[in-house]
**Student:** 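Below you will find the structure I want to go over with you.
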Amino acid sequence: MNHRIQTGIERGLGIRITAVGPDFLCGEMPVDERTVQPFGILHGGASIVLAETLGSWASYLVTADRPGARVAGIEVSGSHVQAVSSGVVTGVARPVRLGRSLHFWRIDIRDQDNELCCSAKLTVKVSSGQDSVD
């Protein structure tokens, strides 16, 4: 997974997957010049990219045994509850509901002190590869 995410926005933000379990997927992102906003704190958009990356990869893994299945995030939102100005943030994606065509994920992002800084929700559309996402 880390090899595949090193080509797009994930590479630019330094995102990497750190752990996969039976009911979670974990990843991290540095808080540095690539991910902060002009006031020197973690950009909310960067947190949302981390959340969507983790939830989308988790859905991909859930559907890996379905030939031709494709996943795409269709809605993402997050509440930014604490500012982070340095270090690394860690996100954990856990399923809320895994249906046949829709997956719902909660992704909590915490700082190095294990303080919650963002709580996100992601909806992922699962299609057969022939279905349209739009």
**Student:** Could you give me the CA-CA distance, side-chain angles and deciding distance for Arg106 and Ser119, then say whether side chain to side chain contact (heavy atoms under 4.5 Å, CB included) is met?
**Tutor:** CA-CA 7 Å; Arg106 176 175 172 165; Ser119 182; 3.4 Å; yes
**Student:** Count I, L, V, M, F, W, Y as connected when their side-chain heavy atoms are under 4.5 Å apart, and connections chain through other members. Are Val88 and Ile109 then in the same cluster?
**Tutor:** no
**Student:** For residues 24-37, which residue pairs pass the side chain to side chain donor-acceptor pair (under 3.5 Å) check, not counting sequence neighbours?
**Tutor:** Arg16-Glu28, Asp32-Arg34
**Student:** Applying a strict under-4.5 Å side-chain criterion to I, L, V, M, F, W and Y, I'd like to know whether Leu50 and Val36 cluster together.
**Tutor:** yes
**Student:** Supply the atom-to-atom distance Thr90 OG1 to Asp108 CG, rounded to the nearest 0.5 angstrom.
**Tutor:** 12.0 Å
**Student:** For Val76, check side-chain contact (heavy atoms from CB on, under 4.5 Å) against everything at least two apart and list the hits.
**Tutor:** Ile48, Glu52, Leu122
**Student:** Scan the side chains in residues 77-85 for donor-acceptor partners under 3.5 Å anywhere in the protein, sequence neighbours excluded, and list what turns up.
**Tutor:**
unit_1 : atom_1 : unit_2 : atom_2 : d
Gln82  : NE2    : Asp111 : OD2    : 3.3

**Student:** Grouping I, L, V, M, F, W and Y whenever their side-chain heavy atoms are under 4.5 Å apart, do Ile17 and Val71 come out in a common cluster?
**Tutor:** yes
**Student:** Compare every heavy atom of Val92 with every heavy atom of Cys26, then report the nearest pair and how far apart it is.
**Tutor:** SG-CG2, 4.0 Å
**Student:** Contact between Val124 and Glu75 at the side-chain level, heavy atoms closer than 4.5 Å - yes or no?
**Tutor:** no
**Student:** List for me each residue that meets side chain to side chain donor-acceptor pair (under 3.5 Å) alongside Ser56, sequence neighbours excluded, and say none if there are none.
**Tutor:** none
**Student:** Could you measure the distance from the OG atom of Ser59 to the NZ atom of Lys125? Nearest 0.5 Å is fine.
**Tutor:** 12.0 Å
**Student:** Starting at CD1 of Ile74, measure out to OG of Ser127 and round the result to the nearest 0.5 Å.
**Tutor:** 10.5 Å
**Student:** Hydrophobic clusters here meaning ILVMFWY residues chained together by side-chain heavy-atom distances under 4.5 Å, can you tell me if Ile107 and Leu98 are in one?
**Tutor:** yes
**Student:** Does Arg94 have any salt bridge (charged side-chain N to carboxylate O under 4.0 Å, His left out) partners at least two apart in sequence or in another chain, and if so, which?
**Tutor:** Asp23
**Student:** When rounded to the nearest 0.5 angstrom, what distance separates SG in Cys118 from CZ in Arg110?
**Tutor:** 11.5 Å
**Student:** Can you pull out every ring pair (Phe, Tyr, Trp, His ring centres under 6.0 Å) where at least one residue sits in residues 7-65? Sequence neighbours excluded, please.
**Tutor:** Trp57-Tyr60
**Student:** Restricting to salt bridge (charged side-chain N to carboxylate O under 4.0 Å, His left out), what partner residues turn up for Glu10, sequence neighbours left out?
**Tutor:** none
**Student:** Which residues satisfy the side-chain contact (heavy atoms from CB on, under 4.5 Å) test with Val49, sequence neighbours excluded?
**Tutor:** Ile9, Leu13, Ile15, Thr53
**Student:** I need the full list of ring pair (Phe, Tyr, Trp, His ring centres under 6.0 Å) pairs touching residues 93-118, with sequence neighbours left out, sorted by first then second residue.
**Tutor:** none
**Student:** Which atom names give the shortest non-hydrogen contact between Pro30 and Gly14, and what distance separates them?
**Tutor:** CD-O, 3.3 Å
**Student:** Could I get the full list of side-chain contact (heavy atoms from CB on, under 4.5 Å) partners for Leu61, not counting sequence neighbours?
**Tutor:** Met1, Val20, Leu25
**Student:** At their closest point, which heavy atom of Val89 faces which heavy atom of Cys117, and how far apart are they?
**Tutor:** CG1-SG, 4.0 Å
